[in-house]
Amino acid sequence: IQFYKGEQIGWAAGMQEQRAVLLEALPKQGATSLEEVIARLAVAEQLIWTDDHLQAQAMIAGSRRDLTALLGERRPPAR
């Protein structure tokens with residue numbers, strides 16, 4: 001990453017702008033189903049930069065996997 005007078009130059013700045021737009025576009029209201037919670041966690045998992053927030057990304061990924069497993073246990077077996 002290159003800096004000029006404290007500002008990032010190049011692809012890193014573009015990635016930060018794109019990430020900020022995506023974060024702002026995330027739904028503000030609560031989820032209406034466990035499937036929606038799982039989908040939202042999957043999006044958050046991709047938006048969190050592992051290099052900057054390893055523990056947060058791991059917690060989100062683990063929570064998504066846990067909810068997916070719990071949801072699978074609640075569904076009746078296929079016939």
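Below, all heavy atoms of this structure are taken into account, side chains as well, without hydrogens, waters or symmetry copies. All of these numbers come straight from a predicted model, not from anything done at the bench.
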From Leu71 CG over to Asp66 CG, what is the distance, rounded to the nearest 0.5 angstrom? 12.5 Å

Taking every heavy atom of Arg40 against every heavy atom of Gln29, the minimum-distance pair comes out as NH1-O, 2.8 Å

Give the minimum heavy-atom separation between Ile48 and His53, together with the two atoms involved. CG2-CB, 3.7 Å

Ala61 to Glu45 - nearest heavy-atom pair and separation: CB-OE2, 3.3 Å

Path from Ile60 to Leu47 over hydrophobic side-chain contacts below 4.5 Å: no

